Amino acid sequence: MTDWVSVCTLADIPPQGSRVIKRAHGEDIAVFRTLNDEVFALFDRCPHKGGPLSQGLVHGKSVTCPLHGWVIALDGGQVQAPDQGCANKVLSRLEAGVVYLAL
Amino acid sequence: MVRKKLVVVGNGMAGVRTLEELLSLAPDAYDITVFGAEPWGNYNRILLSPVLSGEQAFEETILNDEAWYAAQGICLHLNQTVTAIDRSRRVVRSDKGIEASYDRLLLATGSNPFILPVPGKELKGVVSYRDYHDVRFMLDAARHKQHAVVIGGGLLGLEAANGLAARGMSVTVVHLSAWLLERQLDQAAARLLQKNLEARGLAFLLEKQTEALLGNDKGEVRAIRFKDGHELPADLVVMAVGIRPNTALAESSGLYCHRGLVVNDTMQTYDPRVYAVGECVSHRGMAYGLVAPLFEQAKVAANHLAGHGIARYQGSITSTKLKVTGIDLFSAGDFIGDDTTEAITLADPVGGVYKKLVLKGEQLVGACLYGDTGDGAWYFRLIREGRAVNEIRDQLMFGESAIGDSGHAGENRSASMADSAEVCGCNGVCKGTIVKAIREKGLFSVDEIKKHTKAASSCGSCTGLVEQILVNCVGGAADVTPKGEKAICGCTEHNHATVRKVIREQHLTEMSALMRYLNWRNEDGCATCRPALNYYLISSWPGEAKDDARSRLVNERVHANIQKDGTYSVIPRMWGGVTNPSELRRIADVADKYQVPMVKVTGGQRIDLLGIKKEDLPHVWEELAMPSGHAYGKSLRTVKTCVGSEFCRFGTQNSTQMGIDLEKDLFGMWSPAKVKLAVSGCPRNCSEAGIKDVGIIAVDSGWEIYIGGNGGIKTEVAQFLVKVKTAAEVLETCGAFLQLYREEAFYLERTVHYLHRVGLDGVKQRIVEDAAGRSELYARLHFALSFEQDPWQERIKAGALRREFEVLAL
């Protein structure tokens, strides 16, 4: 059973930016907002060397990791070739300006 | 929507490269059909010689297998030669009767080997050297025949001869001219080459004109006869006397041909629906038989096929390399020269080294290297860049200076490195890994190597070595386009210079408007272009263009330096490296309170607090109550000073105060790359001003100003700019130079590279000789700086900027 938990509003996330959700238990989650106000969430860890993806530059539906420049697809966590790997994705949903995550 | 139809005739490197470029620009623009006369997918033709000599398998040369065409949705007709084009109906037809209609047609029919019109040319055992079919024929012949004669002592002929000798045949090379490779080498170098090849068992007959090929009663070739009556037994004859553009199809359809299918600068033939690329075309009277120009043409043709309509092909400077293992030969540009050029030569016949550099005016225009080709890539780059080399003329022959180049154990010659030797010290990439990637993945540029192997993708100090390896593997096919000419990133085809120009001329102040104006492919760019565009906008239109925090990389967005564990380092500014007990006490208190894991003195004469959590940053800044040190930015970093005349018994001027004044004068300055200054109080130069972007050395009669030094990846000594008398002149001169750099350099280009590109003389004219221009530059710098505040102070206050640092708790 997944629980949809409201974490913040769309306005809390800057466009082309992200916020970090700190949890009492479990890893930090990065919630991203694209230029077109789509919202995505990933565990805040790059599959390469664990860089905080939340601190990366958001472009299109991707984020570039701040540590070594890997490009990660926001919608599935897939790493752009020729690098290989996948970031852990968290299902997200935007309803009436409120962001929900499936936790 | 019905998609337009594109038909490509010719499945070789030029045609398919055009498709790859087109698919990256406009993946859905066309339904694509490809006709190829050979039964294989696109293979790397320049690797046929290693296949012939047995150093590589044919399968390794395949660039695009049939699965690739299927994945791209391309309809591929192999083994089919297109025999007719009906331009009024816009249909092509193959020899097997297949028809395909087109909206746009791309002809990439390549070239045909030239066959000497001598009696006996049709005998069995006479072959050209052009495609894999020919290679298979030769390999078969090598198994049961003995005497091979290769007609033609050019690149292809010598590679064929070497391959056949490696397969056990006795080989004689017959050549019309007085020396081998007369188009690539001068006589002295050719003699060295011939000696070397003779030592490997090849025989040569020079200045010999073939009269006839003689056959036996089975119609097989048995001998070759020359004009002078001399005969030589031969049961395999390879004709490698040149190529001719294959224009039969184009001519039969009425397209204008003259020594090739004639195209304009957009790669369009006289029929605007028909484009052409590769060895079949004639552009400005030139037909190219090398790979690099074909790739440049492919880019242009793809740009127009995609409907972008802005790229132009303006001809290519070419380089060649003989692909015979153990023989190093490289030539580029105009290495023969004429009355208007000068040549520098180095000849060591015993050591087997010959080098010739051809200069025209201040520029290097050609190079011919034999025996030691390690610097070929560098010379080729200098030729391509057209950079003035008079300043380094006396050093030119000895190659790229490698003083202080760190990260690869002092190795500067890739050819002498073992496969297991580490090339990239940052990412631990060995030479063998790079060579393997180049061969297996068909890489032709350093950028591609960076992506696939990670070599040269971190600090970049091994870029030159990687480039050497690339040139050694693929020779003239290497894409060594200067950075300034390259597109900024995959989001655009425009280069840095164009973008800067457009921002100024069109008075663009917003990134979205700029991207729209230049048809950016991605709506909001990528992590490569956005920081560059943001810098160009704010430096071109200070006060008007708004700094876009979301286009800053993490360090400049949060005004601290991210560490490997995601924490940050904080370096407060200490003007001129001078501090006091109260500042030190606050630093100590902060370090205690936030349990800072490491407190370290930096190389820039200040103190670094490492391991601070992002959410603590605003508190740390507030409690430090010191300005930002900008140690994280493409900006003014520090001004290093010595104690100067206030304390030092040798000091001639108050260098400490000069440093503080400079640092305050330039505070908050964003720049294309980081900028470091230093001021020394005497020529003993304790502040190491000789390796700073701007270095000042006090002497009794004033101040000497040096620019373009660098103490990083590659140690570069700063060059003398001017000597001035007063501190005010120091401020104005340094500020004016840095403003010039801010206005003209490309993003991430350090002062030393900027100076290499534009030349010190030009900078001297504008900064030293033109007093009015200098003061205008200085005024523009101050205007730009008037909008800058201390970024830490701005973020201490509550509000939107502060929110960046707050986490959401769940």
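Not measured: the values here are computed from a predicted model.
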Pair count under 4.5 Å, heavy atoms only, with chain A: among B:Glu523, B:Arg552, B:Arg530, B:Glu806, highest is B:Arg530
Considering only heavy atoms and a distance below 4.5 Å, find which of B:Lys564, B:Lys451, B:Lys441 pairs most often with chain A. B:Lys451
Heavy-atom proximity to chain A below 4.5 Å, by part of B:Lys614: side chain
Take atom CD of B:Gln72 as the centre, draw a 6.0 Å sphere, and report whether it contains more than 12 heavy atoms from other residues, nucleotides or ligands. yes
Using non-hydrogen atoms only, which part of B:Glu615 is less than 4.5 Å away from chain A: side chain, backbone, both, or neither? side chain
Does B:Asp447 come within less than 4.0 Å of B:Lys486, counting only side-chain N to carboxylate O? yes
Report yes or no: is the cationic atom of A:Arg93 (NZ for Lys, CZ for Arg) closer than 6.0 Å to the six-membered ring centre of A:Trp4, at no more than 45° off its axis? yes
Could you grab the distance from atom CD of B:Glu20 to atom CG of B:Asn64, nearest 0.5 Å is fine? 4.5 Å
Is the CD atom of A:Glu38 crowded by more than 12 outside heavy atoms at less than 6.0 Å? yes
Among A:Thr64, A:Leu35, A:Val5, which residue has the highest count of heavy-atom pairs closer than 4.5 Å to chain B? A:Leu35
Taking atom OG1 of A:Thr9 and atom CG of B:Leu808, what is their separation to the nearest 0.5 Å? 9.0 Å
Residue, of A:Thr34, A:Ile21, A:Val7, A:Asp12, that accumulates the most heavy atom pairs under 4.5 Å with chain B: A:Ile21
Backbone of A:Leu10 reached by a side-chain donor or acceptor of A:Arg33 within 3.5 Å: yes
Need one label for B:Arg803: side chain, backbone, both or neither, based on atoms under 4.5 Å from any heavy atom in chain A. both
Among A:Arg19, A:Arg23, A:Lys49, the residue with the most heavy-atom pairs under 4.5 Å to chain B is A:Arg19
N-O pairing of A:Asp75 and A:Lys89 below 4.0 Å: no
Is it the side chain or the backbone of B:Glu804 that comes within 4.5 Å of chain A heavy atoms, both, or neither? side chain
Using a 4.5 angstrom heavy-atom cutoff, name the option from B:Ala809, B:Pro531, B:Cys526 with the most pairs to chain A. B:Cys526
Contacting moiety of A:Ser62, where chain B heavy atoms sit under 4.5 Å: neither
Which atoms of B:Thr528 are under 4.5 Å from chain A, going by heavy atoms: the side chain, the backbone, both sets, or neither? neither
